[in-house]
2 protein chains.
Amino acid sequence: MAKLTIRDIARLSGLSKSTVSLVLNNSPKVDPETRRRVLAVMRRNNYVPSFAATALAKGNTGLIGMIVPGLTWRFMADINYGVAKVVEDTKYEIVLFTSTNERDYGGAIDRVLSSGLCAGLLVVAHDQRQLERLVDLHRSGLVVVLIDTLGAESDLPAVGVDNHTGGLLAARHLIELGHRRIASMLGPLNHAYVQERLRGVRDALREAGLAPDPALEVETDFDEALVRSRTRELLELPPGRRPTALFAYHDSAAFAVLDELAQAGVRVPQEVSVVGFDDIDAAAHVRPALTTVRQPFARMSERAADILLATLDHPDSDGTPQRLVLPTELVVRDSTGPAPADA
Amino acid sequence: MAKLTIRDIARLSGLSKSTVSLVLNNSPKVDPETRRRVLAVMRRNNYVPSFAATALAKGNTGLIGMIVPGLTWRFMADINYGVAKVVEDTKYEIVLFTSTNERDYGGAIDRVLSSGLCAGLLVVAHDQRQLERLVDLHRSGLVVVLIDTLGAESDLPAVGVDNHTGGLLAARHLIELGHRRIASMLGPLNHAYVQERLRGVRDALREAGLAPDPALEVETDFDEALVRSRTRELLELPPGRRPTALFAYHDSAAFAVLDELAQAGVRVPQEVSVVGFDDIDAAAHVRPALTTVRQPFARMSERAADILLATLDHPDSDGTPQRLVLPTELVVRDSTGPAPADA
DNA sequence: CTGTTAGCGCTTTCAT
DNA sequence: ATGAAAGCGCTAACAG
């Protein structure tokens with residue numbers, strides 16, 4: 001079953017390639033009856049135009065690439081949803097690139113991407129090295145918009161949230177509840193958003209006349225086990241230094257903290273309060289329901305897609321790169337409460 | 001910054017297009033020194049070959065598509081990992097297609113796919129309609145391998161697990177623990193694997209001389225709230241009919257069940273035992289740790305990729321479509337225990 | 001080892 | 001409203 005070409009369809013319907021092409025592209029210049037006939041022939045023969053040939057002739061693949069660091073992050077679904085919603089009523093399609101191993105990320109993938117496979121790129125990347133690579137590509141003409149990657153040292157177009165205020169809100173909430181020893185369970189410090197949130201926490205502390213305690217700023221990564229062991233270490237601090245509240249850089253990390261606390265018999269929020277970040281769906285369902293800082297993932301990615309599409313259709317806007325900062329919002333649930341009186 | 005073509009590179013390095021092309025394709029026939037020079041010119045000018053042109057000329061895009069129903073399923077990471085591992089040392093790249101809205105799934109996406117964007121397709125799809133579409137495409141030449149989609153009424157190449165035995169193992173385990181009233185919290189019945197697992201449970205029941213009780217076979221979907229309310233309904237059954245064990249079609253559903261049970265003050269496993277399916281990482285971390293049927297996701301997808309690649313490199317094997325069934329394995333943890341004596 | 005010459009399947013003026 | 005012809009950027013024989 002050799003693949004049919006436009007020529008075959010032309011022959012089969014007694015027309016020329018050009019006319020068939022016009023049909024393919026919904027040209028109004030073709031006779032309705034003719035169009036119907038051609039379409040019928042196509043259907044009957046299961047014809048589909050060659051992607052490569054179309055892309056080559058048009059000089060555009062009509063594909064928008066999306067690069068994400070991993071698939072399991074809960075909010076990927078929201079991000080994906082936002083993008084899909086915007087892109088689905090355009091002529092573009094989305095292809096998603098992921099990679100399980102780090103070395104690929106910088107190599108094979110953007111080889112494909114930079115080769116013009118995709119007209120534009122939406123990227124979720126927190127790694128500084130990846131961003132640098134993107135800056136290069138951007139400079140040489142790649143249309144790219146970052147999602148949720150603000151504050152990094154690049155001036156790529158991006159939409160993200162105000163992480164500083166996010167950290168600030170979380171810490172203020174805790175301070176208002178009377179907490180004085182607030183621990184931060186941080187993500188990798190080489191991620192800009194982690195730094196920003198920490199800065200927010202510290203600012204809130206200073207605002208209240210409290211000095212940030214380095215011992216309460218612990219760095220972790222995406223390994224849950226590490227989060228758990230750090231949590232235990234925090235609990236083992238002497239009574240006067242032990243935190244009464246814990247701000248986790250990530251809801252998933254907060255879940256691990258919550259669980260570890262439960263294991264240790266520490267009651268939340270009576271003895272220790274916990275705040276997360278992201279507000280993924282599960283946050284409302286764990287026990288106790290998690291107080292957390294909400295990121296508007298779907299809206300973020302929608303806006304990013306908007307910017308990308310606008311740039312694609314309007315390549316002349318070589319002015320200032322677009323950067324959009326969306327607000328975060330504190331969602332208070334059951335995992336935070338007044339600081340214990342005896343603390 | 002107009003995009004450079006192979007012709008520019010040829011001119012810039014004083015050679016012909018063909019030689020440059022040979023360099024591009026790592027031909028050993030080109031003089032090492034010449035190659036070096038050409039490569040330097042390319043680097044210096046930031047040249048990247050056009051994807052579309054290459055694909056058209058080669059008659060192959062070098063892309064393997066992967067279609068998945070959603071991104072949040074925990075095991076997607078494993079599946080992705082398995083595929084990446086196999087594909088990364090071939091000339092192919094992986095692109096992932098997802099869709100948030102159902103109608104897309106059958107339309108735009110496979111338009112892209114069938115148009116030769118991808119040389120082959122790896123698909124995770126449980127929906128019967130989607131499968132039918134794939135059968136069509138397969139018949140007209142698309143190379144496709146299904147992952148985790150066995151038992152569906154198609155003879156597409158596929159690798160999956162023995163869901164019947166999975167259900168059987170889970171139920172037998174429960175029966176051996178003395179349980180007599182075993183409820184099945186099923187997924188959508190139009191998914192073949194759901195049927196298979198249920199068949200396994202029933203067979204185990206019959207084996208033990210027990211009659212499957214329709215009231216204990218409840219259908220749910222991927223909505224967690226539904227799982228929760230069904231769980232409550234089960235708990236409200238009169239003492240003599242209330243299940244002492246619950247088999248959930250999915251670890252995530254099992255988590256919801258566990259949580260709902262905890263809410264209701266029902267102790268697991270003392271009063272009710274719970275078994276899941278999949279063995280996603282979280283299964284070992286919830287409290288109580290979940291007894292579950294493990295699916296070897298990474299291995300599944302590896303084998304699927306193997307089959308796909310073999311078919312791609314060996315299009316003549318028009319014989320019997322490959323179908324591979326991998327075994328499941330019962331992982332006993334803390335959520336199952338002896339049936340309560342008074343039951 | 002390098003150059004010549006045809007295409008790959010489709011779009012796109014420009015005629016008719 | 002339809003057709004002819006010239007590419008899009010690259011590869012792949014085949015010569016040399």
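Below, chain A is the first sequence line, B the second, and so on; all start at residue 1.
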Looking only at non-hydrogen atoms, find the nearest pair between [X] and [Y] and report the distance.
X        : Y        : result
B:Ser16  : B:Ala10  : C-CB, 3.7 Å
B:Ala304 : B:Ile147 : CB-CG1, 3.6 Å
A:Asp148 : A:Phe297 : OD2-CE2, 4.2 Å
B:Arg299 : B:Leu326 : C-CD2, 4.1 Å
A:Arg35  : A:Val30  : NH2-CG1, 3.7 Å
A:Ala305 : A:Val87  : CB-CG2, 4.4 Å

>> Assess the residue pair B:Ile9 and B:Lys17 against the criterion (side chain to side chain contact (heavy atoms under 4.5 Å, CB included)); give the C-alpha distance rounded to whole Å, side-chain angles, the decisive distance to 0.1 Å, and a yes or no.
In response: CA-CA 8 Å; B:Ile9 301 300; B:Lys17 273 170 45 179; over 6 Å; no
Can you give me the N/O atom pairs linking the protein to nucleotides 4-8 of chain C at distances under 3.5 Å, or say none if there are none?
residue	atom	partner	partner atom	Å
C:dT4	O4	B:Ser18	OG	2.8
C:dC8	O2	B:Ala57	N	3.4

>> Checking side chain to side chain contact (heavy atoms under 4.5 Å, CB included) between B:Ile307 and each of B:Val159, B:Leu312, B:Leu146, which is the one that passes?
In response: B:Val159
> What residue among B:Val95, B:Leu121, B:Val83, B:Leu309 forms side chain to side chain contact (heavy atoms under 4.5 Å, CB included) with B:Ile64?
Replying inline: B:Leu309
> Do A:Lys91 and A:Asn60 have side-chain atoms, one donor and one acceptor, less than 3.5 Å apart?
Replying inline: no
> What does B:Tyr47 touch in the nucleic acid at a heavy-atom separation under 4.0 angstrom: a base, only the sugar-phosphate, or nothing?
Replying inline: sugar-phosphate
>> Heavy atoms only, 4.0 Å cut-off, all strands: where does A:Ser21 land among base, sugar-phosphate and nothing?
In response: base
>> Of all nucleotides in DNA chain D that come within under 4.0 Å of a heavy atom of chain B, which is furthest toward the 5' end and which toward the 3' end?
In response: D:dG9 to D:dA12
> With A:Arg303, which residues qualify under salt bridge (Lys or Arg N to Asp or Glu O under 4.0 Å), at least two apart?
Replying inline: A:Asp306
>> Run the salt bridge (Lys or Arg N to Asp or Glu O under 4.0 Å) test against B:Arg36 and tell me which residues pass, sequence neighbours left out.
In response: B:Glu33
> Taking CG from B:Leu15 and P from C:dC1, how many angstroms apart are they, rounded to a whole number?
Replying inline: 14 Å
> Nearest-Å distance, CG (B:Leu117) to P (C:dG9)?
Replying inline: 16 Å
>> When the axes are fitted on five pairs at both termini, how much does the helix from C:dC1-D:dG16 to C:dT16-D:dA1 curve, in 10° steps?
In response: 30°
>> Near DNA chain D, counting only heavy atoms under 4.0 Å, which residues of residues 24-36 of chain A show up?
In response: A:Lys29, A:Val30, A:Asp31, A:Thr34
>> For a side chain to side chain contact (heavy atoms under 4.5 Å, CB included) check, start with the C-alpha distance between B:Ser50 and B:Thr5, then their side-chain angles and the critical distance, and finish with the verdict.
In response: CA-CA 8 Å; B:Ser50 149; B:Thr5 75; over 6 Å; no
